[in-house]
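Remember, it's a predicted structure, so these values are computed and weren't measured experimentally. Heavy-atom basis, side chains included; hydrogens, waters and symmetry copies ignored.
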Amino acid sequence: MSGRRGTASPGIADPQTWDFIGTGDFDRDGQLDIVWRNKLNGSVLVWHLRNGALISTSQLGSTPLNWKLVAVADFDGDQYPDLLWRDDVGNVLLWLMDGTTLRSTVGYPGIDLGWQIQAVGDFDGDGIADILWRHSDGTALAWLLDHGNVKRTLFYGAVDPAWRIQGAVVAQ
C-alpha cells in the first residue's frame, strides 16, 4: 500500500496559458487553495478547493509579466495569506489580502538584485511572516515586518556563499 487514499482532478488549467504559482487558505476553511497566474496577461486566479474538489474561483487582480510571485504567507497577522512579488529590476511589492480582496499594497523599491529573498517565516515569534534576505557575497539579514512595514532588521553577517539555505524560495 502506498498510503495514497485517492486523487482528485479539481479542474483544467491550460499549461500554455496558466502557471501554478502558490497555495494558501484564502477562504479560511482549513484547506489549501491553488493560486494560478495567466502567462499572457498577468491575471492572478485562486481555485478554492474542498476535499480536493474545485468549488469556486476568485480573481485577485493582475501584475505586469515581469513580476514573479516569491511567496505566499501572512505578512500582517490577520490569518489570511498575502502575496510577495518581485520584479526583474529588484522592486518588491507586498499584496496585503483580506481573503481574496486586495486590502492594500506595500512597496519596497529598488532593492539591489545582489540581494535575493531566501525564505519567509515568523523569525521573531509575533505571528507575522518576515523576510530572510541573502546577498551574493553571503551576507544574510532578516526584515522583521509589522503589517508590511519593516520594524527592525536583523543582520546575521556573512556566511560562505557555498552554504545554501535549505528550503529557500525559488530564485527571483
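A 4.5 Å side-chain heavy-atom check between Val92 and Trp133 finds at least one atom pair inside the cut-off. A heavy-atom distance below 4.5 Å is found between the side chains of Thr57 and Trp47. The shortest distance between side-chain heavy atoms of Lys39 and Asp19 falls below 4.5 Å. Side-chain contact between Phe75 and Val120 is present, with heavy atoms from C-beta onward closer than 4.5 Å. Proximity of Ser43 to Gln59: side-chain heavy atoms (C-beta onward) are separated by under 4.5 Å at one or more points. For the pair Asp33 and Thr23, the minimum side-chain heavy-atom distance is 4.5 Å or more. Using a 4.5 Å heavy-atom threshold, the side chains of Arg28 and Tyr80 count as touching. Inter-residue side-chain proximity for Trp85 and Val44 is flagged as met; some heavy-atom pair is nearer than 4.5 Å.
The hydrophobic cluster containing Leu45 does not contain Leu102, counting ILVMFWY residues as joined when their side-chain heavy atoms lie under 4.5 angstrom apart, directly or transitively. Hydrophobic clustering of Ile, Leu, Val, Met, Phe, Trp and Tyr side chains at less than 4.5 Å, counting indirect connections, unites Leu96 with Ile117. Grouping the Ile, Leu, Val, Met, Phe, Trp and Tyr side chains by contacts below 4.5 angstrom, directly or via other members, places Leu93 with Met97. If you chain together hydrophobic residues whose side chains sit under 4.5 Å apart, Trp163 and Leu132 never meet in one group. Note: the hydrophobic cluster containing Ile111 also contains Leu84 (ILVMFWY, side chain heavy atoms under 4.5 Å, direct or indirect links).
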Q.
Run Thr63 and Arg37 through side-chain hydrogen bond (donor to acceptor under 3.5 Å, both in side chains) and show every step you take.
A. CA-CA 9 Å; Thr63 60; Arg37 176 126 182 262; 2.7 Å; yes
Q. Given Asn91 and Arg86, is the side-chain contact (heavy atoms from CB on, under 4.5 Å) satisfied, shown in steps?
A. CA-CA 6 Å; Asn91 298 308; Arg86 190 163 196 204; over 6 Å; no
Q: Quick one: do Val72 and Asp82 satisfy side-chain contact (heavy atoms from CB on, under 4.5 Å)? Show the steps, please.
A: CA-CA 6 Å; Val72 178; Asp82 305 306; over 6 Å; no
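Atom-to-atom distance recorded for Leu32:CG and Ile34:CD1 is 8.5 Å, nearest 0.5 angstrom. Interatomic distance, Thr100 OG1 to Leu60 CG, rounded to the nearest 0.5 Å: 6.5 Å. Atoms CG and CG, on Asp78 and Asp74 in that order, are 5.0 Å from each other to the nearest 0.5 Å. One finds the CD atom of Gln118 at 6.0 Å from the CZ atom of Arg134 (value rounded to the nearest 0.5 Å). Between the CD1 atom in Ile128 and the CG atom in Leu144 there is a gap of 10.5 Å [rounded to 0.5 Å]. Taking CD1 of Ile21 as the reference point, atom CG of Leu83 lies at 6.5 Å (rounded to 0.5 Å).
Residues Gln31 and Leu49 approach most closely at OE1-O, 3.7 Å, considering heavy atoms. What you find for Asp126 and Lys151 is that their closest heavy atoms are OD2-NZ, 2.7 Å. Of all the heavy atoms in Trp95 and Gly61, the pair that sits closest is CH2-C, 4.2 Å. Shown here for Ser136 and Pro161, the closest heavy-atom pair between the two residues is O-CG, 3.9 Å. Nearest heavy atoms, Leu145 versus Asp130: N-OD1, 2.7 Å.
With no hydrogens or angles considered, a side-chain donor-acceptor pair links His48 and Ser58 at under 3.5 Å.
With hydrogens and angles ignored, the 3.5 Å screen pairs a side-chain donor or acceptor of Asp25 with a backbone N or O of Gly30. Of the possible polar contacts, none joining the Asp98 side chain to the Thr101 backbone as a donor-acceptor pair under 3.5 Å is found. For Lys68 (side chain) and Leu65 (main-chain N/O), a donor-acceptor pair under 3.5 Å exists by modelled atom type.
Shown here is Arg103, whose CZ atom has more than 12 heavy atoms of other residues, nucleotides or ligands within 6.0 Å.
Using cut-offs of 30° and 60° on the angle between ring planes, the pair Trp115 and His135 is perpendicular.
Residues Trp143 and Tyr108 bring their aromatic ring centres within 6.0 Å.
Using a cutoff of 4.0 Å between basic side-chain nitrogens and carboxylate oxygens, Arg152 and Asp146 are not scored as salt-bridged.
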